[in-house]
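Below, read A as the first sequence line, B as the second, and so on, with proteins coming before strands; counting in each chain starts at 1. This is a predicted model, so every value here is computed, not measured.
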Amino acid sequence: MTETIVSAPDGVDADYYRVGAAIADTKAPAGPIDKKWTQRKFDAALVNPANRRKLSVIIVGTGLAGASAAATLGEAGYRVQSFCFQDSPRRAHSIAAQGGINAAKNYKEDGDSTYRLFYDTVKGGDYRARETNVYRLAEVSANIIDQCVAQGVPFAREYGGLLDNRSFGGVQVSRTFYARGQTGQQLLIGAYQALERQIAEGTVEMFTRHEMLELIVEDGRARGIIARDLVTGEIETHLADAVVLASGGYGNVFFLSTNAMGSNITANWRAHRKGAYFGNPCYTQIHPTCIPVSGDHQSKLTLMSESLRNDGRIWVPKRREDCEKDPREIAESDRDYYLERIYPAFGNLVPRDIASRQAKNMCDEGRGVGPMVGDFRRGVYLDFTDAIKRLGRPAVEAKYGNLFDMYARITGENPYEVPMRIYPAVHYTMGGLWVDYDLQSNIPGLFVTGEANFSDHGANRLGASALMQGLADGYFVLPNTIRDYLAKGPFPALDENSPAVAQARAAVEERTARLLAINGERSVDSFHRELGNIMWEYCGMERSETGLMKAIDLIRSLRAEFWRNVRVLGTGDSLNQSLEKAGRVADFLELGELMCIDALHRRESCGGHFRAESQTEDGEALRHDDQYLYVAAWEFAGGPGDGQMGAPVLHKEDLVYEAIELKQRSYK
Amino acid sequence: MRLTLKIWRQDGPTSRGELKTYPVDDISPDMSFLEMLDVLNERLNDQGEEPIAFDSDCREGICGMCGLMISGEAHGPEKTTTCQLHMRSFRDGETITIEPWRADAFPILRDLVVDRGAFDRIIAAGGFISVNTGAAPDAHATPVPKENADRAFVAAECIGCGACVAACPNASGMLFMGAKVTHLGELPQGQPERATRVRAMVATHDAEGFGGCTNIGECSNACPKGIPMDVISQLNSDLRKAASGSF
């Protein structure tokens with residue numbers, strides 16, 4: 001690990017964090033960008049097939065990044081232990097991805113190439129992603145499609161029997177492969193089936209309904225995990241030569257998001273507490289076209305494809321007193337088509353972050369529509385009346401029918417007759433554990449893949465690239481880089497009584513017992529909801545110094561109250577869903593503070609985030625490459641006790657762009 | 001809305017269970033069915049009674065984790081998953097019975113939570129195409145007629161929720177299994193293992209304690225993804241061909 005030389009930052013920041021040594025080397029090989037990956041694969045040590053069964057790997061999470069890695073390492077002959085908290089590996093939340101998966105196949109002969117996919121991804125990330133990793137992602141993208149087709153993934157095809165592509169996320173080429181609106185499902189089922197095949201072969205041992213609650217680090221290496229069997233409650237020790245975290249993102253820190261109910265940060269956060277750096281935690285992606293909240297009971301938000309903005313017109317009433325009216329009775333002259341008004345060039349097709357931010361602004365002004373939720377109506381109209389007049393209902397139905405049906409099922413309203421209501425929601429988190437070119441964290445033997453790491457999407461993610469990254473990491477990148485590490489093993493055998501194991505296990509047992517013993521007055525969900533409101537208000541689309549400082553204070557007192565006043569009924573030795581949630585929310589209450597500190601220190605508007613103090617004269621986002629062209633990798637510096645955060649230490653990894661030219665984006 | 005809920009409570013896999021009655025009021029018709037249970041659980045927690053355990057994850061109808069028997073119907077009165085069912089599908093004052101999936105192959109773990117590991121074991125037996133990572137030819141090497149690709153897709157939409165088993169009087173898993181056999185059997189890539197696949201999957205299905213199909217059709221009727229009954233015909237046809245060596 002880096003030798004820590006710590007200093008205090010300037011100004012108010014000195015109260016929140018310290019600055020440590022910069023990260024000098026990300027371990028990418030030297031040479032031209034298009035030769036690096038070939039070079040790395042060649043340099044990585046080999047493991048003789050006969051020796052692979054002596055080497056073991058733990059993989060936490062069975063989404064695209066985890067299931068693909070477990071299957072591939074199993075096929076190679078390593079001993080794999082795979083963990084998921086759901087009842088089956090097929091449930092992981094990759095399954096819910098709708099749109100598609102990018103690959104630089106250039107099947108349409110429309111000028112696509114590895115370089116262009118690389119360029120679009122870096123640009124989409126607003127120049128805050130690491131170029132070497134992104135180039136490799138583009139490079140292996142074509143292999144993913146080959147692999148998935150061979151597995152039987154039923155991608156959309158043309159009448160000639162070849163694969164169909166579409167253009168996605170505002171790019172100029174058609175490189176997105178898709179399976180109707182269920183691409184994530186089909187890709188995950190492909191990876192799941194490959195995984196089940198290895199389970200049957202005996203190379204992978206599967207632990208469903210198991211949750212990782214602690215990382216075991218011995219002699220500076222990640223050597224295993226402590227997991228809880230969610231059915232029996234038993235606290236189990238699992239040891240291996242390396243650990244891979246493929247545990248997804250942390251959008252649920254906002255309580256309401258498009259994530260699954262169980263999506264959580266616990267595996268990553270436990271590793272962070274054990275020394276793994278957390279990269280760019282404040283980078284989250286917010287989608288403008290979700291179905292709005294209908295009341296305080298709301299448990300999650302549902303995304304609708306952004307393609308709706310191609311034909312729908314977004315508006316709110318000009319006057320607050322019209323907000324309760326039936327929208328069909330509001331005269332044309334009383335409607336404010338605010339995106340068309342403010343951004344006449346792009347209109348309703350402005351980038352996601354702008355569409356999202358302006359929707360929130362309209363609602364904060366009191367001009368939102370739909371039911372009151374707390375003090376506001378949180379929704380804006382997305383109106384297809386003009387599109388239906390222009391194209392006819394059958395054409396609109398053909399294009400958007402499944403989305404309209406979904407909307408009708410959830411809201412009970414008919415969008416062909418009444419304008420839809422939409423509102424932005426958190427969808428994806430670009431931040432995650434810091435990894436080097438090998439996808440290894442700063443803890444040797446701890447690898448992080450997919451949404452759980454920070455590496456490929458910078459400050460915003462290009463559409464149809466999350467599925468690509470998950471499968472690139474799991475099928476093609478990790479299996480090649482982890483062998484270089486495993487070749488040094490097997491590492492000395494650990495037993496359950498060694499101090500590192502006993503300490504990790506005791507920590508889990510104590511924490512579980514403590515959560516059950518508090519027996520306070522408030523439910524876990526009530527804390528989670530309150531945390532989510534704080535994060536959304538102050539660390540969402542628009543941030544400011546005063547807002548973030550306030551948020552940090554609020555989170556600290558909420559966290560203190562949690563450990564004093566949460567009520568978790570039942571016992572630790574049975575299936576106890578309140579206990580599961582309590583552990584996850586306890587970690588979100590720590591992560592939320594780190595996100596706010598990261599957001600506080602980054603005084604620029606970048607990617608999906610608008611920083612109030614950093615805007616142009618006409619109110620647009622202003623990036624500061626001179627000051628913030630780096631990855632913020634945070635080291636945990638708190639105490640071992642629950643809720644003890646301390647002042648984290650910032651390690652900067654400078655972003656070097658050799659293959660690509662930095663540009664400011666413009667959309668007016 | 002005001003409702004009377006009769007909910008199956010069972011402490012553990014070997015405990016005796018019973019239906020317990022919970023009157024609930026102040027339920028919004030815009031709540032999803034599971035949000036209604038969330039609200040009940042918040043109230044139970046406040047009263048010091050342990051919340052009701054039930055499975056759910058994505059809550060957008062695709063992960064297949066949720067699934068309740070609602071007044072005798074798998075996933076309730078609409079053709080959708082339990083998470084996508086909303087309270088506006090019920091009447092004010094209605095009594096609703098909520099039970100777990102009932103099948104020998106899906107043992108109850110607690111309250112409304114069952115173990116559907118048998119489905120994973122059926123897939124592990126043969127529900128895949130054997131292709132190691134890196135061994136794949138170019139994706140365009142083998143064209144697939146659109147008609148076959150589309151039919152494969154329809155079958156591949158199965159979310160593995162288990163409603164078909166819960167709805168079937170025989171607790172048969174043949175719709176689930178037929179969906180996978182059809183998905184892979186429609187594609188050229190799935191041909192080499194077509195005979196071994198169907199034999200291995202059926203053997204595992206039977207060993208797990210699922211019943212046989214007697215063409216009642218409740219499975220397809222309950223399926224939130226509308227997997228058609230003809231996948232079972234396909235399954236039977238493939239099994240016959242596999243047995244007679246005529247593939």
Side-chain angles (χ1 to χ4, degrees), chain A residues 71-72 75 86-91 93 95-96 105 107 145-147 149-152 154 157-163 179-180 182 185-186 189 192-194 196-197 199-200 208 231 260-262 294-295 297-300 302 409-412 475-476 479 523 525 567 569-570 574-575 577-578, chain B residues 11-12 28-31 34-35 38-39 42 45-46 48 50-51 53 55-60 62-65 80 84 86 88 109-110 113 115-117 119-120 123-125 127-133 135-140 143-146 149 152-153 156-157 160 183-184 187 189-190:
Chain A
T72 305
E75 289 159 7
Q86 301 92 338
D87 74 324
S88 163
R90 68 180 292 154
R91 314 280 185 219
H93 198 53
I95 203 149
K105 279 283 198 185
Y107 279 159
I145 303 304
D146 298 341
Q147 186 63 32
V149 165
Q151 289 170 344
R157 287 182 184 265
E158 298 168 341
Y159 283 98
L162 300 181
L163 295 161
R180 291 200 201 155
Q182 287 129 275
Q185 179 198 22
Q186 295 308 320
I189 295 299
Y192 156 75
Q193 288 170 186
E196 288 295 336
R197 173 174 159 243
I199 294 169
T208 59
V231 176
M261 301 307 287
S294 69
H297 54 264
Q298 190 94 20
S299 61
K300 80 151 276 160
T302 303
R409 192 166 56 240
I410 292 174
T411 62
Y475 283 135
F476 298 107
S523 71
D525 279 353
R567 174 184 285 187
L569 299 171
S574 64
L575 194 155
Q577 292 172 331
S578 304
Chain B
D11 283 344
S28 155
D30 288 330
M31 287 178 186
L34 297 181
E35 284 167 351
D38 290 341
V39 167
E42 283 284 292
N45 197 68
D46 287 347
E50 270 194 72
D55 269 333
S56 80
D57 204 27
C58 79
R59 294 208 180 180
E60 48 190 282
I62 194 75
C63 78
M65 186 123 171
T80 188
Q84 294 289 290
H86 285 72
R88 66 181 81 92
L109 298 175
R110 180 171 193 151
V113 178
D115 178 357
R116 286 167 291 197
F119 269 9
D120 290 333
I123 297 297
F128 49 75
I129 289 169
S130 297
V131 52
N132 283 5
T133 301
D138 184 87
H140 270 179
V144 182
K146 187 167 169 21
F153 182 85
E157 282 194 277
H183 161 206
L184 300 177
L187 301 170
Q189 292 85 356

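The residue among B:S28, B:G12, B:G48, B:A152 with the most heavy atom pairs within less than 4.5 Å of chain A is B:G48. Your options are B:E50, B:Q189, B:R88, and the one with the most heavy-atom pairs under 4.5 Å with chain A is B:R88. Of all the listed residues (B:D11, B:L187, B:L184, B:D55), the one sharing the greatest number of non-hydrogen pairs under 4.5 Å with chain A is B:D55.
What you find for A:Q577 and B:V113 is that their closest heavy atoms are NE2-CG2, 4.1 Å. Considering all non-hydrogen atoms of both residues, A:F476 and B:T133 come closest at CE2-CG2, 3.8 Å.
Within the 4.5 Å cutoff, no side-chain heavy atoms of B:D38 are placed close to those of A:H297. For the pair A:R90 and B:R116, the minimum side-chain heavy-atom distance is 4.5 Å or more. The closest side-chain heavy-atom distance from B:H183 to A:P154 is below 4.5 Å. With a 4.5 Å cut-off on side-chain heavy atoms, A:Q193 and B:I129 do not count as touching.
When heavy atoms are compared at a cutoff of 4.5 Å, B:H86 approaches chain A solely by way of its side chain, counted from C-beta outward. With a 4.5 Å cut-off on non-hydrogen atoms, A:Q147 touches chain B through its backbone and its side chain both. If you measure heavy-atom distances from B:V39 to chain A, the contacts under 4.5 Å come from the side chain alone. Looking at B:A135, only its backbone comes within 4.5 Å of chain A, counting heavy atoms on both sides. Looking at A:Q86, the atoms closer than 4.5 Å to chain B (heavy atoms on both sides) sit in the backbone and in the side chain alike. Both the backbone and the side chain of B:R59 come within contact range of chain A, each with at least one heavy atom under 4.5 Å from a heavy atom of that chain.
One finds the CD atom of A:Q151 at 10.5 Å from the CG atom of B:N132 (value rounded to the nearest 0.5 Å). For the atom pair CD of A:Q298 and CE of B:M31, the computed distance is 10.0 Å after rounding to the nearest 0.5 Å.
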(message) Quick one, A:H93 with B:E60, criterion side-chain contact (heavy atoms from CB on, under 4.5 Å). Give me CA distance, side-chain angles, the key distance, then yes/no.
(response) CA-CA 10 Å; A:H93 198 53; B:E60 48 190 282; 4.1 Å; yes
(message) Run the side-chain contact (heavy atoms from CB on, under 4.5 Å) test on A:M261 and B:M65 for me, step by step, so that the C-alpha distance in whole Å, both residues' side-chain angles and the decisive distance to 0.1 Å come before the verdict.
(response) CA-CA 11 Å; A:M261 301 307 287; B:M65 186 123 171; over 6 Å; no
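For B:E42, there are no salt bridge (Lys or Arg N to Asp or Glu O under 4.0 Å) partners two or more places apart in sequence or in a different chain. In this structure, the side chain to side chain contact (heavy atoms under 4.5 Å, CB included) partners of B:S130, at least two apart in sequence or on a different chain, are A:R197, B:F128, B:E193.
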